[in-house]
Amino acid sequence: MEIPKTYEPREVEERWSSYWETKGFFLPENTSDAKAPVFSMVIPPPNVTGYLHMGHALNHTLQDVLARWRRMSGDRVLWLPGTDHAGIATQMVVERQLQQEGVSRLDLGREKFVERIWEWKEHSGGTIQKQMRVLGESVDWSRERFTMDDGLSHAVKEVFVRLYDDGLIYRGEYMINWSPGLQTAISDLEVEMKTIKGKLYHIAYPIGHRVNSPVEGLAEAYQAANDGEQKSGLLKTPGGDFIVVATTRPETMLGDTAIAFNPEDAGAAGRYQGMISRSAILPLVDREIPFIQDEIVEKDFGTGFVKVTPAHDPNDFAMGKRHNLEFIQVIGKDAKMTDLAPEKYRGLDRYEARKQVVADLEALGLMLRIEDYTHNVGHCQRSGAVVEPLLSTQWFMKMKELAEPALEAVRDGRTKFVPESISKIYSNWLENIQDWCVSRQLWWGHRIPAWYTPEGKAIVARDEKEARERLVAAGLDPNTELTQDQDVLDTWFSSALWPFSTLGWPDQTEDLKKFYPTSVLVTAFDIIFFWVARMMMMGLKFMGDVPFRTVYINALVLDPEGQKMSKTKGNVVDPLEVFNKYGTDAARYMLTAASTTGLTLTPQESKLESARNFANKIWNAARFVLLNCDEVLQSREPLDWETEIAPPELADLWILSRFNRVALDVHSALGEFRFHETAGILYHFFWDDFCDWYLELSKPFVTAKESTPQNLAVKRRLIYVLERSLRLLHPIMPFITEEIWQKLPHKGESICLAEFVPHNSAQLDGRAEREMNLVIELITKIRNIRGTFNIAPSVPLKAQIVPADDGVREVIIKMQDHIKRLARVGEIEIIDKIVERHGSAHSVISGAEIVVSLEGLIDFDKERARLEKEVAKLGSERESLEKRLSNQDFVSRAAADVVTASRDRSAELLDQIEKLGAMIKAL
RNA sequence: AGGCACGUAUGUCAAUGGUAGACAGCCACCCUUACAAGGUGGAAGUUGUGGGUUCGAGCCCCACCGUGCCUACCA
């Protein structure tokens, strides 16, 4: 048999991923037991324009680990894949394409444009799906969904209509976030606040008089008025009174319809007593605007006067509503000044207008001060443009009523977050939730199912036919002309339905009954609000139950320097490159092992190397077995542990016990999403226990030329443990385990469907573990001596061992051949008492004393130092134990088993210290 | 501004209130018949600082210093 010395992942991976998919192993129907428990997950649908990034790689790996583990544990597993239509992103991609052809989407028209997008999707859209296939993710491709599919679109309409009928969706003119870059409204969540260095402009507004020619000296007067303790924004001059307001956006003053100040300033002792009865004349516009009092204005900020632009600022909008102000929209959707602005400014871009307004105010002497000012400005997440708060008619979803059940479901534990601390963040957001603007001025997406009569009355219905029926019901002419709303819904609207729309809702399908609620959602932290919370609300509203029992939040993947990855920083790591370089299994292992309790994950080259080495270790352990166990491997039937030819020996009982403990631990760790621990347990079991000890112990029998019954039994058990270990490793490292498993005696078509090893408590063997630990410790101590004195491995040593009791004696006799070989000792003598001390090195373990003859090799200073160091180490441990034990409070208050353990340990330490002391003395 | 995390070996991270571990790196010796992507042994820590609770604190509480994230927004 030819087997390469190092594991070559690439060739292996290609073979198995296509095999798995062709065979349909990942369909839940594949589970033979129709009554088996169900385990279901929906994938967080990636953006259809996207390609796999490290975050997906982590997210998908963890889901795959869970899916494979549950599948092997006998569950009917559904892991449903799909993508979302990413309205804005996708439209942008195709628009950019058109731009290169010199065509705009408007030239093409809506229908043709949407056709183009579908074409694009068919040809270029499936990148992530292809990547997922390469990675062998165990999703059910037969159930793949896309948010723009007929079924899911149907669900979207149904939800919209029902929410509307329930009064939870409404249309109205409100202040929304307008993205001038994208020419659409966006939701609050899509606005990203960035700190910007801007200016704060202090502007004087005249009270009760017009300013037609430049005013002198106002800036100085303003300076003087604010020099002292008492600051004031009211300037009295021979030419008349002025008030001063400050703004970061001077161009909006053209739309001012009031000046506001805090009611306390208006009171008897207030600075601005009496102002309420006066009015200002808006410079450059000459509009007379009133003063209003409003709590929202802070007295201590600036002058205490605030200009109010109800059509261009969310706070001002609220004040406008409260005080019945005029809403004058001076900036349009194209971010240019409208016809409602004075003629001079019309058509100017908002920033051009700002310059002009500033210049004009300066010319009039009304610009009193311009200071540097750092503040936060909303930017459109997608286009980067500065968001314009605009008054606009849009569709909204009422959230308060929907949020309450979603809060309750987490409070009462119907849905659990892992880690638990996430639930606080979730609740906090839901408790302060605002209504959701769901309409988007795009062409790609679910068109809003609303029709308008020529008079502008909106009829919400599933289709035009139903809209006409509803016309009749409303007593209107069914033949009246109807035009459908031009807008589409936010992509997240359809994503919010994902856990049930993908399963066939609103039809009561078998899948829906079987797989809803889903068992687990694995997702990233940053879409808790965008997605998780909204799914909770929609699931509870339309399915009457939570969409998932557990939400596991995976870590945020940082770059190797610990920085957040971003395209602008240019530090994005392509997971496919990493997976290619180190192998998919190694990369998966690294990601799993790095999934600790923290919220971030910093992949490191060294961790990947270590993971690759682990894969190679597995490969070579298997290589050893495959190259040496021919006669057993010829049998294709799985092997039994019990074999009549030779009874299990200590090492066998030990590894079996260890294996069962590990199987048990892995089960419970995965059950609680402790991925890091799972990876660690398996690593140490396979490398330390299986390779370093069990496999090493087996060597004399396995490599022996003659096949005695004992040799055969050892080989059989070796293969037995290896095959089962592969099963435990499979969820994390699917490819290498499949590759090897297929070469071993096994049952079934694939390790994917092999049983995930029932742990057998009866095979836990504390005695075997204790005895084997003694052997391991003994060998380690002798190796330690060899290392200290730099004795080459080729030089055989002579060891004497003093067992503490007959049990130990028996173990040493039983294992002496192994001990000799692994410690490279030529001769072992079991003695009752140490006689020859001079010229030997000594060691003490729990249960035995060891003497290694080093005639001519020993360095007494080194030996003394070594023993004294050991004494010091044990001594300090004993000291602290004794200190504790002499404390009456400890003895009386600490748990009994802790006290007992401390006493035992202390006695043990004393024994060893005394023995070591005697050894030093005798040197 | 408010909220939430986090500060542990050189790096990245672990550790139900019971004397701190892993991986990588480092030092020494070894190509010992699966693997040098390996083997054997070793060195490395006042757990950010200062208090408190407790028989006992890396872990719980308070304050401070430092770092990160989220939410909101101040004109």
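Below, read A as the first sequence line, B as the second, and so on, with proteins coming before strands; counting in each chain starts at 1. For clarity, every value in this text was computed on a predicted model and none was experimentally measured.
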In whole Å, what separates the P atom of B:A1 from that of B:A44? 45 Å
Using the P atom as the reference point in each nucleotide, state the distance between B:G11 and B:C74 in Å, no decimals. 42 Å
With rounding to the closest Å, how many angstrom separate the C1' atoms on B:G7 and B:G45? 15 Å
When you check the phosphate oxygens OP1 and OP2 of B:G38, does a side-chain N or O of A:Asn613 lie under 4.0 Å from one of them? yes
C1' atom, B:C60 versus B:U54: distance in rounded Å? 10 Å
Are OP1 or OP2 of B:G42 and a side-chain N or O of A:Asn784 less than 4.0 angstrom apart? yes
Does a side-chain N or O of A:Asn315 approach OP1 or OP2 of B:C73 to a distance below 4.0 Å, or not? no
Any side-chain N or O of A:Lys617 under 4.0 Å from OP1/OP2 of B:G39? yes
Carboxylate-amine/guanidinium proximity below 4.0 Å for A:Glu908 and A:Arg905: no
Picking from B:C35, B:G18, B:A37, which would you name as closest to the side chain of A:Arg612? B:A37
Which nucleotide in the set B:C70, B:C29, B:A37 lies at the smallest distance from any side-chain heavy atom of A:Asn790? B:C29
Between B:A20 and B:C13, how far apart are the C1' atoms? Round to whole Å, please. 13 Å
Indicate for each nucleotide in nucleotides 5-17 of chain B, in 5' to 3' sequence, whether protein heavy atoms under 4.0 Å reach the base (B), only the sugar-phosphate (S), or nothing (-). S-----BBSSS--
Please determine whether a side-chain nitrogen or oxygen atom of A:Trp429 lies at a distance below 4.0 Å from atom OP1 or OP2 of B:C4. no
Can you identify which nucleotide, out of B:A72, B:C74, B:U71, has its nearest atom closest to the A:Phe529 side chain? B:U71
Whole angstrom is fine here: how far is it from CE in A:Met193 over to P in B:C69? 17 Å
Do A:Phe305 and A:Tyr205 have ring centres separated by under 6.0 Å? no
Is the closest basic N to carboxylate O distance between A:Lys781 and A:Glu870 below 4.0 Å? yes
Is the base of B:A34 touched by the side chain of A:Glu696 through a donor-acceptor pair closer than 3.5 angstrom? yes
When you measure from the side-chain N and O atoms of A:Lys5 to the phosphate of B:C31, is any distance below 4.0 Å, counting only OP1 and OP2? no
